[in-house]
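Model, not experiment: these values are computed from the prediction.
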Amino acid sequence: MTDIHAERLFTGTQWITDVTVTGGDRIDTIDSGRSPSAVSYPLVLPGLIDVGVWAEGYLEGPTSREHPFVPEEAFIALCRSHGVTSVVDTGSSCSVGRWLIGQHEINAVSSLGRVSSSPTRRCDHVVDAGHVSELASALQTLGAACLVIAEPDAVDVSGISGPVVLTRERGGMTVPGFFVHRGDREWVSPQIIACSLWTVEGMLNGPDATLGRAFLPYLKHFAGEGNFMARRIARGVLKKLYGERRVEDLDGWPDAAIKSRPDSQLLASSGAGAAGVVPGLGLWDELAALERHIGFEAALRTATSNPAAAIPALNSGVIEPGARMDLLLCDGDAASIAELREHMSAIVVAGAVSTIQAEKESAQNYCLAADRRAL
């Protein structure tokens, strides 16, 4: 059993003070006051949820003595080191998705691939519109918690049970931002940071992403302080890889998405797996961007109770009896995303406590191993 006392606690929907959360892998009770065995923290929140990640990475260098999921292990380590205890994988292949949802170190659900009649990704399931329901049932049997569809206009999703993620397609490209439908409810993810990195110039001006190089080796080239010549070379390489992406491709997104929806319908998504995004760290950038639009508490809900409502299979994002014991523990109070990030101290995943420092060391070890393989 784990006893955590919170001087101040955010349940995902409201703030309460002086309570003890008790449980094993699930929360059993939330009682007033501090129990004798409880470890006290100034601030406790639900572990953060990153919706809409692409958790599939790749190895660079010899692999003879390593199993094939080392990059995905690095992905998990990066998420945990930044307080992300749950992810919704909407981009990986079926094999990687199946591996991911079986890991105890993170609370992960997956779509086990994406449905498309005109595939643009190697892991897309190719199917015509008339057979989407059959494929959805097959994927659910394999453990898929949601269905991802690439051409939403061509598919009737009304008869599909469970959450349906609809990606945005423009000119044969998947652009940032997506919708989640469940029954008669809808949520939207603006993916502000992914939008800022959409164009080649956006990637060149983005934050340093080299921390993610054990997950996606090419991120070692996304150094934040490159000299002019390095950036000039990078610009040419990126244009060959990604083409002439235009801001106009985004159709006024993400501002239009945020302004047209109440806060309760917004979901935070780092877009991890896209060029220039570091898993875990990217979610903090997204939350800071959302905070500027909707404020601190509403931004917190986009990574806690909102995704909990949109993707029930997570059973996380709220602190209440029966939910997973997934928590973010802070050594100081916070009234902003920046302060919250500064005071992250430990995480609890299914009742198991680990310090942020230990998680950062684990993530760094994956980076060092990746560097050695590349020599």
Side-chain angles (χ1 to χ4, degrees), residues 50 52-60 71 74-75 78 90-92 114 116 118-124 148 150-151 167-178 188-258 268-290 292-293 367 370 374:
D50 196 350
V53 302
W54 189 347
E56 188 160 355
Y58 65 92
L59 281 169
E60 182 179 54
F75 170 87
L78 284 164
T90 57
S92 301
R114 188 178 69 157
S116 176
S118 302
T120 58
R121 297 177 181 173
R122 187 179 302 175
C123 57
D124 285 348
V148 180
E151 295 91 20
T167 60
R168 302 175 65 241
E169 308 298 311
R170 297 291 184 275
M173 298 182 293
T174 300
V175 298
F178 58 85
V188 64
S189 177
Q191 291 194 315
I192 301 169
I193 299 304
C195 287
S196 72
L197 297 170
W198 171 247
T199 64
V200 167
E201 291 303 318
M203 294 180 207
L204 290 171
N205 294 320
D208 190 341
T210 55
L211 182 62
R213 63 192 183 276
F215 166 55
L216 294 172
Y218 69 79
L219 290 178
K220 67 188 177 186
H221 301 299
F222 280 68
E225 297 297 329
N227 59 39
F228 176 79
M229 184 58 70
R231 288 183 177 273
R232 184 177 177 183
I233 294 171
R235 183 177 287 107
V237 172
L238 291 171
K239 283 186 176 181
K240 289 179 180 178
L241 290 173
Y242 297 101
E244 292 291 345
R245 292 179 172 183
R246 306 171 304 156
V247 172
E248 290 76 13
D249 296 329
L250 300 176
D251 295 337
W253 201 273
D255 288 346
I258 296 171
S269 173
S270 68
V277 179
V278 177
L281 181 59
L283 185 64
W284 286 99
D285 294 334
E286 185 75 9
L287 288 173
L290 283 165
R292 291 191 286 271
H293 287 274
C367 286

Note to self: Could you check whether any side-chain heavy atom of L290 comes within less than 4.5 Å of a side-chain heavy atom of P190, counting everything from C-beta outward?
What the structure shows: yes
Note to self: Could you check whether any side-chain N or O of R114 sits under 3.5 Å from a backbone N or O of C123, counting only pairs where one atom can act as donor and the other as acceptor?
What the structure shows: no
Note to self: For L238 and F222: C-alpha separation, side-chain torsions, deciding distance, then whether side chain to side chain contact (heavy atoms under 4.5 Å, CB included) applies.
What the structure shows: CA-CA 11 Å; L238 291 171; F222 280 68; 4.2 Å; yes
Item checked: Approximate separation, where rounding is to 0.5 Å, of E201 CD and K239 NZ -> 6.5 Å
Notebook entry, point to check: Is the shortest heavy-atom distance from the side chain of L250 to the side chain of W198 under 4.5 Å?
Noted result: yes
Notebook entry, point to check: Mind checking whether W253 and V188 have side chains closer than 4.5 Å, heavy atoms only?
Noted result: yes
Margin query: With rounding to the nearest 0.5 angstrom, report the OG1 to CD distance, T199 to E244.
Written below: 10.0 Å
Notebook entry, point to check: S92 side chain to E56 main-chain N or O, any donor-acceptor pair under 3.5 Å?
Noted result: yes
Note to self: Is the shortest side-chain heavy-atom distance between F75 and V53 below 4.5 Å?
What the structure shows: yes
Note to self: Please find the pair of heavy atoms, one from L59 and one from P217, that lie closest to each other, and give the distance.
What the structure shows: C-CG, 4.3 Å
Note to self: Taking the side chain as everything from C-beta on, heavy atoms only, tell me whether D251 gets closer than 4.5 Å to V175.
What the structure shows: no
Next item on the list: With rounding to the nearest 0.5 Å, note down the distance linking OG in S196 to CE in M203.
Entry: 10.5 Å
Margin query: Is a donor from one side chain sitting under 3.5 angstrom from an acceptor on the other, for S270 and E286?
Written below: no
Item checked: Distance-minimising heavy-atom pair for V277 and A272 -> CG1-CA, 3.6 Å
Note to self: For D50 versus A268, what's the shortest heavy-atom pair and its separation?
What the structure shows: OD1-O, 4.1 Å
Next item on the list: Check Q191 against G271 and note the closest heavy-atom contact, atom names and distance.
Entry: NE2-CA, 3.6 Å
Notebook entry, point to check: Rounded to the nearest 0.5 Å, how far apart are CZ of R246 and CE of M173?
Noted result: 7.5 Å
Check: Is any side-chain heavy atom of L78 less than 4.5 Å from a side-chain heavy atom of L281?
Finding: no
Margin query: Is the shortest side-chain heavy-atom distance between L216 and Y58 below 4.5 Å?
Written below: yes
Note to self: Do R235 and V200 have side chains that approach each other closer than 4.5 Å (heavy atoms only, starting at C-beta)?
What the structure shows: yes
Check: Shortest non-hydrogen contact from A150 to T167?
Finding: CA-OG1, 3.3 Å
Notebook entry, point to check: Shortest non-hydrogen contact from D255 to H293?
Noted result: OD1-CE1, 3.5 Å
